There are 2 protein chains.
Amino acid sequence: MARKRFDDSNCSVARALNEVGDWWSLLIVLQAMYGVRRFVDFQQELGIARNILCDRLARLVDNEVLQKVEVGEHGSRQEYRLTDKGRDLFPVVIALRQWGDKWNPSPDGAPLNLRDRENGQPIRAMAVQSMDGRELTVRDVYVPEEDVPETGSQNAGSVG
Amino acid sequence: MARKRFDDSNCSVARALNEVGDWWSLLIVLQAMYGVRRFVDFQQELGIARNILCDRLARLVDNEVLQKVEVGEHGSRQEYRLTDKGRDLFPVVIALRQWGDKWNPSPDGAPLNLRDRENGQPIRAMAVQSMDGRELTVRDVYVPEEDVPETGSQNAGSVG
DNA sequence: CAATAGGGTTGCATTACGAAACCAAATTAA
DNA sequence: TTAATTTGGTTTCGTAATGCAACCCTATTG
């Protein structure tokens with residue numbers, strides 16, 4: 001049967017995964033953050049099959065993560081650029097990258113080091129924070145009683 | 001042909017997606033963060049096919065994101081619990097959730113609100129930060145020249 | 001002792017993915 | 001000016017992954 005979709009799930013993680021939760025989409029967004037904009041370049045950087053790339057780009061455009069821009073005089077040259085929505089995936093990508101670097105260190109050498117353009121310092125480790133800046137773990141948070149989603153659909157009861 | 005895998009990619013995002021980048025794995029981890037530990041509960045909460053759930057749980061255990069624990073006297077009752085590695089996905093999940101809440105608001109009602117156990121306040125929006133706490137966008141970071149990965153394999157040149 | 005719950009496995013139909021070939025418009029090279 | 005190349009796709013086809021349902025075995029409950 002068809003792959004299950006979660007467009008109308010009342011879990012926003014599920015809805016998010018619906019848009020960028022497949023093998024390629026996030027990598028495409030990552031490349032876009034690296035500055036890649038052209039079909040051929042995505043294809044070469046990722047080694048993705050062209051038909052799949054077409055499909056993913058179209059879906060990302062549909063979901064307004066990317067925007068397709070005609071460049072060149074008579075059309076026939078396109079660019080795929082990140083929208084604000086797409087750029088907003090930056091924390092997701094960085095969180096994932098840091099997790100990967102920490103728990104699956106690169107087989108050959110140092111992790112990609114990202115630096116603050118302003119002073120050349122490395123960036124901070126991503127963390128869930130309280131309003132006053134404390135770092136929160138899974139156990140430090142909860143869902144208020146009145147907001148606990150009913151079980152059996154997509155969300156379980158308590159966090160922690 | 002086989003779905004492309006990225007075990008040995010020198011991009012840590014790709015390696016991370018290799019472990020939790022499919023449709024179900026992150027949702028399973030999310031449920032685990034909600035406190036779900038039993039096979040049947042995962043199955044009911046997610047509505048996932050049982051064989052797929054088996055496969056994903058086994059893979060997550062292999063990758064040390066979950067740990068399988070025998071409970072009950074004579075075996076035959078298992079629990080799947082998050083490891084430190086799994087719990088460390090918290091920032092990833094929260095970043096994804098906040099992105100989903102912002103750009104694909106729940107069709108029926110308010111987003112799941114997570115609160116700080118210590119004072120009942122909501123948590124902060126995830127952000128990539130500089131060492132001194134400034135919020136950084138994609139354009140505020142760069143990769144130092146000597147660390148720029150060669151093009152054509154898995155990473156493009158510059159960030160921004 | 002029968003019924004049920006927990007945790008899987010097996011078979012089968014449907015769908016998605018990957019590789020390579022093919023295509024057409026627009027550039028560039030000769 | 002014609003031929004080759006680049007860009008952005010689509011088509012075809014074989015393989016892999018998914019979902020559903022049915023089945024299995026071991027504990028526990030009634």
Side-chain angles (χ1 to χ4, degrees), chain A residues 1-7 9 14 17-28 31-32 36-62 66-81 151-152 154 156, chain B residues 1-7 9 14 17-28 31-32 36-62 66-81 151-152 154 156:
Chain A
M1 284 285 151
R3 160 172 290 173
K4 194 162 281 191
R5 287 281 149 94
F6 299 103
D7 312 271
S9 163
L17 288 176
N18 212 32
E19 301 194 348
V20 294
D22 69 285
W23 286 89
W24 290 113
S25 298
L26 255 194
L27 289 176
I28 290 173
Q31 291 300 323
V36 174
R37 296 178 163 188
R38 309 292 286 274
F39 185 93
V40 217
D41 295 329
F42 283 111
Q43 210 250 310
Q44 295 219 330
E45 295 296 334
L46 294 170
I48 183 178
R50 305 165 74 90
N51 51 348
I52 305 298
L53 179 57
C54 275
D55 180 82
R56 291 306 179 278
L57 287 174
R59 187 178 301 171
L60 287 170
V61 169
D62 275 354
L66 293 180
Q67 149 182 48
K68 191 172 183 173
V69 180
E70 301 279 338
V71 299
E73 303 315 308
H74 318 304
S76 136
R77 287 290 125 119
Q78 275 94 304
E79 283 188 359
Y80 295 89
R81 299 188 196 162
T151 216
Q154 212 69 240
Chain B
M1 286 285 151
R3 162 172 288 173
K4 196 162 280 194
R5 287 283 149 92
F6 299 104
D7 312 270
S9 163
L17 288 176
N18 211 33
E19 302 195 347
V20 294
D22 69 284
W23 287 87
W24 290 114
S25 297
L26 254 195
L27 289 176
I28 290 174
Q31 292 300 323
V36 174
R37 297 179 163 188
R38 311 291 287 274
F39 185 92
V40 217
D41 294 329
F42 283 112
Q43 210 251 309
Q44 295 219 329
E45 294 296 334
L46 294 170
I48 183 178
R50 303 165 75 89
N51 50 351
I52 305 298
L53 179 57
C54 276
D55 179 81
R56 291 306 180 281
L57 287 173
R59 185 177 301 170
L60 287 170
V61 169
D62 275 354
L66 293 179
Q67 152 181 43
K68 190 171 182 172
V69 181
E70 301 278 337
V71 299
E73 303 315 307
H74 319 302
S76 135
R77 282 298 121 117
Q78 276 92 299
E79 282 188 359
Y80 294 88
R81 298 189 198 161
T151 216
Q154 210 70 239

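Numbers restart at 1 for each chain; the letters A, B, ... are given by sequence-line order, proteins then strands. Model, not experiment: these values are computed from the prediction.
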_Set of residues satisfying side-chain contact (heavy atoms from CB on, under 4.5 Å) with respect to B:Val61, sequence neighbours excluded_ = B:Leu66, B:Lys68, B:Tyr80
_Nearest-Å distance for atom pair CG/C1', residues A:Leu53 and C:dA19_ = 14 Å
*Rounded to the Å, how far apart are B:Gln43 CD and D:dA21 C1'?*
12 Å
*Considering only heavy atoms from C-beta outward, does the side chain of B:Gln78 approach that of B:Glu70 to under 4.5 Å?*
yes
*Phosphate oxygens OP1/OP2 of D:dG19: is one of them under 4.0 Å from a side-chain N or O of B:Trp23?*
no
_The criterion is salt bridge (Lys or Arg N to Asp or Glu O under 4.0 Å); which residues satisfy it with B:Arg81, sequence neighbours excluded?_
B:Glu79
*With the side chain counted from C-beta on, respond yes when A:Val20 and A:Leu60 share a heavy-atom pair under 4.5 Å apart, and no when they do not.*
yes
*Are any of A:Trp24's side-chain N or O atoms less than 4.0 Å away from OP1 or OP2 of C:dG18?*
yes
*Rounded to the nearest angstrom, tell me the gap between atom CD in A:Glu70 and atom C1' in D:dG8.*
11 Å
*For the student: nearest non-hydrogen atoms of B:Arg56 and B:Trp24, plus distance*: CG-CB, 4.1 Å
*Given atom CG of A:Asp55 and atom C1' of C:dC17, what is their separation to the nearest angstrom?*
10 Å
*Whole-Å distance separating the CZ atom of A:Arg37 from the P atom of D:dG8*: 13 Å
*Whole angstrom value for the distance that separates P of D:dG19 from CG of B:Leu27*: 11 Å
*Mark yes or no for whether B:Gln43, through its side chain, and B:Ile48, through its backbone, hold a donor-acceptor pair below 3.5 Å.*
yes
_Integer-rounded Å distance: C:dG18 P and A:Phe42 CZ_ = 17 Å
*Which whole-number value in Å describes the distance from A:Arg56 CZ to D:dG8 P?*
19 Å
*Assign a letter to each nucleotide of nucleotides 3-12 of chain C from its 5' end: B, base within under 4.0 Å of a protein heavy atom; S, sugar-phosphate only; -, no contact.*
---SBBBBB-
